[in-house]
**Student:** 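Have a look at the structure that comes next, please.
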Amino acid sequence: MVLDFGDDSSKSISIEVNKAFSTIANLGLPLLNIIPSFNKIVIIFENSQIRDQNKEKITLEMSEIKSQSHKSAHKKWKIPACYDESFALDLKLIQKLHHITKEEIINLHTSESYYTYYIGFMPGFPYLGDIPSQLITPRLATPRINIPARSIGIAKNHTCIYPKISPGGWNIIGQIPFDIFDLQNPNPSLFLPGDKVSFYSVNHKEFQQIQKKHFSINELIKEYSS
Amino acid sequence: MNSLVITRTGTHLTVQDFGRFHYQHLGVSPSGAMDQRIIKELEKIIPLHHNQFIEFAYVGPSIKVKEGSVKVCVGGNCNMNIQKNNGTQIMCQPYKSINLFEGDELNIHNTIETVYGYIAVEHGLGLNPCLKSFSTDTKAGIGSINRPLKVDDTFEILEDVSSWDHLSIPNPTYKKETNFKVYPGPQLQFFTDQALQSFISTTFTISAQSDRMGIRLKGEAILSSESHDILSEGILPGSIQVPSDGQPIVLMRDIPCTGGYPKIAILKEKDISKISQLPPGSQITFDLQTIY
């Protein structure tokens, strides 16, 4: 079953998507997976019988969601980020492309509170946006084979964090000092669709100090979200 | 205590079950056995499998009882034998329970004209679930064992074999199907009647680049009249996506959780298992159904 919210990827559509996602996910329906993305929600049932039994309920719920004002349960994150050259593999490329300094890139990237459109591509990978227009950069022409875990990337009008080492085509501009996906936790992902995420710049020494603390997901929630 | 050790790995040896659900919105793929029909059959002989099956592709592993004794059963179309502790060698068959004692080694050779085979062990493999499932997604590094199995991996099975009785079921006869009924995909309208016509009239060849993530097909290019780059959206196993080179990919169990290629059609769940068993080089056709 597909719930379609239109053809665009705008923040207002995504807010609708995530509102519907959390409502339907909390209905306790017998579904296998419910997958939100920019403008759609795909709901997967074990078979078409179960789908047909629940279709009406979801459709009804959807019409009610539209009329309700939504109380946000989403978190606000302030995430430390180190933009040192040792982590920011593509900083030079972006400086050259946009004719801006390293400081301007950091100021721009830390100036906004980003919206978490959805989690996808790999476990715990948040699609965040939208980044300031001066930073909009195409994906790398040749994707990297190994992007270091915890790297911060930008591509088109989005920014992201790679939860673990992975191939990928985003431009890498920094790194965060902790893991954002933990398989030992029943709620394994630090970020959830709809969360707001902003970054603040830390130097290499501060980065290492945080890194050494080996925060768990629950400790990170306490420390860096509100 | 009973224990089993891998003495030879075969290929693509992983632990799988019926799938890991409820986490795809966090980027976690469903995974699970490529051919779910077989582990369903094995359930009849080893009901106490604890959802921990070993999957192999093309070449099976050798497993040896290090300590105690275990009851196992192999599913799939494959050759195998047992090297007994006393040096004798005995033949054995899939879909028949096998009692293995200390020092016995089960050698599974190749799968015959198929790809995947499975081993069920009574009382499971002594593993803990990861996100409520035992399945392995090696690309994402998720699973009770988050990598392919390797030589010397040892499984400790605390409970003893419940009965030495021999159980068997007739070998399931899976007809080798090469024509698959498919249903309209969410971006069917991206393809002109002409493109759809060539989709159903083309004989596609399964490429050797196929894996647990997707079965790649080679044939006449099926080109979208709109775009081959859509906004990423949730996808599910069985979807047939068409990237810009026009060569369709049937998405399998280790799907990326969202995808940005248009999906022309989708296979039924039971056909995902069927198509997984076709080795590279097999030729297939699609029959597009209009009623969903």
**Student:** Can you tell me which portion of A:F121 sits under 4.5 Å from chain B's heavy atoms? Options are side chain, backbone, both or neither.
**Tutor:**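 Just the backbone, heavy atoms under 4.5 Å.
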**Student:** Please state whether the side chain, the backbone, both or neither of A:P163 comes within less than 4.5 Å of a heavy atom of chain B.
**Tutor:**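 The answer is neither part of A:P163.
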**Student:** Any carboxylate oxygen within less than 4.0 angstrom of a Lys/Arg side-chain nitrogen, looking at B:E43 and B:K40?
**Tutor:**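 Here B:E43 pairs with B:K40 in a salt bridge, since their nearest N and O are under 4.0 Å apart.
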**Student:** Check this for me: A:K164, atom NZ, are more than 12 non-hydrogen atoms of other residues, nucleotides or ligands nearer than 6.0 Å?
**Tutor:**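 Above 12, so yes.
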**Student:** Under 4.5 Å from any heavy atom of chain A, what part of B:I230 do you find: side chain, backbone, both or neither?
**Tutor:**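 It is neither, since no heavy atom gets under 4.5 Å.
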**Student:** So which part of B:E269 gets closer than 4.5 Å to some heavy atom of chain A, the side chain, the backbone, both or neither?
**Tutor:**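 For B:E269, neither part sits under 4.5 Å from chain A.
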**Student:** Residues in salt bridge (Lys or Arg N to Asp or Glu O under 4.0 Å) with B:D153, at least two apart?
**Tutor:**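 Salt bridge (Lys or Arg N to Asp or Glu O under 4.0 Å) check on B:D153 returns B:R147.
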**Student:** Below 4.5 Å from any heavy atom of chain B, which atoms of A:L32 appear? Answer side chain, backbone, both or neither.
**Tutor:**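 Answer is both: backbone and side chain atoms of A:L32 are under 4.5 Å from chain B.
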**Student:** Using a strict threshold of under 4.0 Å (side-chain N to carboxylate O), is an ion pair present between B:K139 and B:D211?
**Tutor:**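 Answer for the salt bridge query: yes.
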**Student:** Check whether the ring centres of B:F155 and B:H123 lie less than 6.0 Å apart, and answer yes or no.
**Tutor:**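 Ring-ring flag for B:F155/B:H123: false, centres at least 6.0 Å apart.
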**Student:** Mind checking whether A:F125 and A:W170 have ring centres under 6.0 Å apart?
**Tutor:**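 Judged by ring-centre distance (under 6.0 Å), A:F125 and A:W170 do meet the cut-off.
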**Student:** Non-hydrogen atoms of chain B under 4.5 Å away: do they reach the side chain of A:D7, the backbone, both or neither?
**Tutor:**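 Looking at A:D7, just its backbone touches chain B.
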**Student:** How far apart are the closest heavy atoms of B:V15 and B:L125, and which atoms are they?
**Tutor:**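 Minimum heavy-atom separation between B:V15 and B:L125: CG2-CD1, 4.1 Å.
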**Student:** Let me know if A:N185 has heavy atoms under 4.5 Å from chain B in its side chain, its backbone, both or neither.
**Tutor:**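 Backbone of A:N185 only, per the 4.5 Å heavy-atom cut-off to chain B.
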**Student:** Is it the backbone or the side chain of A:L192 that comes under 4.5 Å from a heavy atom of chain B, or both, or neither?
**Tutor:**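 The side chain, not the backbone.
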**Student:** In terms of heavy-atom pairs under 4.5 Å, which option from B:A140, B:C257, B:P186, B:G19 contacts chain A the most?
**Tutor:**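 Between B:A140, B:C257, B:P186, B:G19, the count favours B:A140.
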